[in-house]
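Below: the structure, in structure tokens.
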Amino acid sequence: MEIKGRGNWGSQFGFIAAAAGSAVGLGNIWKFPYMTGRYGGAAFVLVYLLFVLLICIPIMNSELLVGRKSQKNAVGAFKVLAPGSPWFIVGVMGILAGFIILSYYSVIAGWAVAFIFKSGAYMAAGADHANIFVGSITSSVAPLIWHAIFMFMCIGIVAAGIEKGIEKYSKILMPLLVLIMLVLIIRSVTLSGAGAGLSFYLKPDFSKLTAEGVLAALGQAFFSLSLGMGCMITYGSYLKKDQDIPANSYWIAGTDTGIALLAGLAIFPAVFAFGLEPGAGPGLTFITVPAVFAAMGPVGHFFGILFFFLLTIAALTSAISLLEVVSAYFIDESKWDRKKAVWIMGIIIFLLGIPSSLGLGIWSGVKILGGRDILDSLDFIASNILLPLGGFLLCIFIGWYWGTDKAIEEGNTGAKGAITLGGGYRFLIKYVAPVAIFIVFLKSIGVF
Ligand code: TRP
């Protein structure tokens, strides 16, 4: 069964690079450290790892196999596998989540773009990083211009099409990012006073873990692995039958988790060494990283510029996956031309991002969910509610409606390695994952 006119991945490596490129992004380097800092450190990390293993890896397999089986986008997949049923609404929810996430994602990515050009000046400013950072994101116009530039880059790549665009850009530069993070880690852990950061990050203190923190860990696992909104369904739809889904899932999840853990290792020792506040929020990475590089002298300036360049690339490979999901829906279902779909969606998402950016500055008085600013509220709704809910419904769909037998058969088609889907996958998808998500939801709204 070959797909006509939709394109396929050029190679197995191209697919892994693109899917890992989607997963690895601001979620790992910006959000994971600041969530870990906000919710108490190592205990949060442990819960996060547990969720990746027991909930997210089975869902990763499921999204990929649903995509390949149906050869469709997030909504179309459910229409093909469950014709005449309301299951497609899960896909619609996913598209909505994609809109929301990309709108503020692009704002944060804009900061990274700005830092490519500004980090030299930031680092030269010595101890004043926090103030300079806050000053730059609270102004009205400049962050919006960076946000526009970032969205424009996304539109350009996605409009070029899946193989010419996404695959080509994803294959390069990722290894370089890991390398520069290693440099960062070495400098960070050798700062004097780094030990307190290491123990915050590595020694769990479960008394610090709250129900809200557990929900945030769940949301973070979905967010970081690009799950729960049909992204991996869409990417899976470009997979060929001879490509190995279980092996891909482990590779993607392993790479993503590894990079998040490295980011934490780079950030926390430095946070404590410089006497910064681990719960400082969304600015944590942007404030800490320049401080570490500044501590390296002139060569640090070079590394700083390189770091923010690579962070921009990592954000770009994630953002294009979000834009692709949203656009693929209109290309497949409404028969729009690719360029038209991508431009219209890109512009709408840009506009949607404006309040998030202003919410950090002139609209900072606007507090929505429990005192959260606009960006934080949108992230809460998308990451902690829509994505886990999408994952939950996918588990129910596969475990209790479409059937795990069909899922296992599709998942194992083309699997060559030792890892195939079987009883363990069935048990996790039918019982463990949905029950766990359900309990976390109940707990976080205070039912028990
Ligand atoms: N996973 C990406 C990151 O960590 C963000 C992302 C890309 C995403 N595609 C997604 C999140 C789909 C949720 C759903 O930065």
Side-chain angles (χ1 to χ4, degrees), residues 25-34 37 103-154 156 173 176-177 179-181 183-185 187-188 191 263 266-267 270-271 273-277 280-319 350 353-354 356-364 373 375:
L26 297 171
N28 307 62
I29 294 165
W30 159 71
K31 199 174 163 198
F32 177 76
Y34 108 70
S103 74
Y104 64 81
Y105 199 88
S106 172
V107 171
I108 311 289
W111 303 352
V113 182
F115 268 49
I116 301 174
F117 302 97
K118 292 188 192 168
S119 49
Y122 282 91
M123 286 182 281
D128 219 14
H129 305 287
N131 287 334
I132 296 182
F133 172 77
V134 171
S136 83
I137 64 162
T138 50
S139 69
S140 298
V141 180
L144 291 180
I145 292 174
W146 297 113
H147 165 47
I149 291 173
F150 183 80
M151 259 331 277
F152 184 73
M153 292 194 283
C154 283
L173 297 172
L176 204 55
L177 178 66
L179 216 64
I180 193 103
M181 297 236 315
V183 173
L184 201 59
I185 290 169
R187 176 66 276 207
S188 184
L191 289 165
I267 303 286
V271 165
F274 293 129
L276 300 168
E277 173 52 51
L284 190 66
T285 297
F286 288 87
I287 294 166
T288 313
V289 168
V292 179
F293 283 132
M296 294 172 79
V299 66
H301 289 208
F302 167 74
F303 282 136
I305 292 166
L306 193 59
F307 176 85
F308 285 107
F309 169 72
L310 294 168
L311 183 59
T312 301
I313 301 292
L316 205 51
T317 56
S318 301
F350 165 74
I354 293 175
S356 287
S357 183
L358 296 180
L360 299 164
I362 50 167
W363 289 358
S364 61
D373 61 34
L375 192 156

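FYI, side chains are in, hydrogens and waters are out, and symmetry mates aren't considered; it's all heavy atoms of this structure. The first residue of the sequence shown is numbered 1, and numbering continues consecutively from there.
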Distance-only donor-acceptor hits, side chain of residues 296-315, under 3.5 Å, sequence neighbours excluded:
from : atom 1 : to   : atom 2 : distance (Å)
T312 : OG1    : F308 : O      : 2.7

Subject >> Aromatic ring proximity Y34/W30, centre distance under 6.0 Å >> reply: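 Close enough - the centres of the two rings lie under 6.0 Å apart.
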**OP:** Determine, stepwise, if the pair L184 / F293 fulfils side chain to side chain contact (heavy atoms under 4.5 Å, CB included).
**Re:** CA-CA 7 Å; L184 201 59; F293 283 132; 3.1 Å; yes
Original post:
Under the side chain to side chain contact (heavy atoms under 4.5 Å, CB included) criterion, do V271 and E277 qualify, and how do the steps go?
Top reply: CA-CA 7 Å; V271 165; E277 173 52 51; over 6 Å; no
**OP:** Could you tell me which residues satisfy side chain to side chain contact (heavy atoms under 4.5 Å, CB included) with T138, sequence neighbours excluded, listed by chain and number?
**Re:** V134
**OP:** List for me each residue that meets side chain to side chain contact (heavy atoms under 4.5 Å, CB included) alongside A148, sequence neighbours excluded, and say none if there are none.
**Re:**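 With neighbours one apart ignored, the set is F350.
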Do you know which two heavy atoms are closest between [X] and [Y], and how far apart they sit?
X    : Y    : result
P33  : A263 : CG-CB, 4.2 Å
A266 : A270 : O-CB, 4.0 Å
S318 : Y105 : CB-OH, 3.2 Å

Find the distance between [atom1] ([X]) and [atom2] ([Y]) and round it off to the nearest 0.5 Å.
X    : Y    : atom1 : atom2 : result
W363 : I354 : CH2   : CD1   : 8.5 Å
S139 : I145 : OG    : CD1   : 9.0 Å
I180 : I185 : CD1   : CD1   : 11.5 Å

Original post:
When you look at L358 and L144, which way does the side chain to side chain contact (heavy atoms under 4.5 Å, CB included) test go after all the steps?
Top reply: CA-CA 8 Å; L358 296 180; L144 291 180; 4.3 Å; yes
Subject >> Under the ring pair (Phe, Tyr, Trp, His ring centres under 6.0 Å) test, residues paired with Y104 that sit two or more places apart >> reply: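 Ring pair (Phe, Tyr, Trp, His ring centres under 6.0 Å) list for Y104, sorted by chain: empty.
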**OP:** Keeping to residues at least two apart or across chains, list the side chain to side chain donor-acceptor pair (under 3.5 Å) pairs with something in residues 140-151.
**Re:** S106-H147
**OP:** Could you give me the CA-CA distance, side-chain angles and deciding distance for F152 and I149, then say whether side chain to side chain contact (heavy atoms under 4.5 Å, CB included) is met?
**Re:** CA-CA 5 Å; F152 184 73; I149 291 173; 5.6 Å; no
Original post:
Are side-chain heavy atoms of C154 and L316 found at a separation under 4.5 Å?
Top reply: yes
Would you tabulate the side-chain donor-acceptor contacts of residues 282-292 under 3.5 Å, counting partners in other chains and residues two or more places apart, or write 'none'?
from : atom 1 : to   : atom 2 : distance (Å)
T285 : OG1    : I29  : O      : 2.7
T288 : OG1    : L284 : O      : 2.6

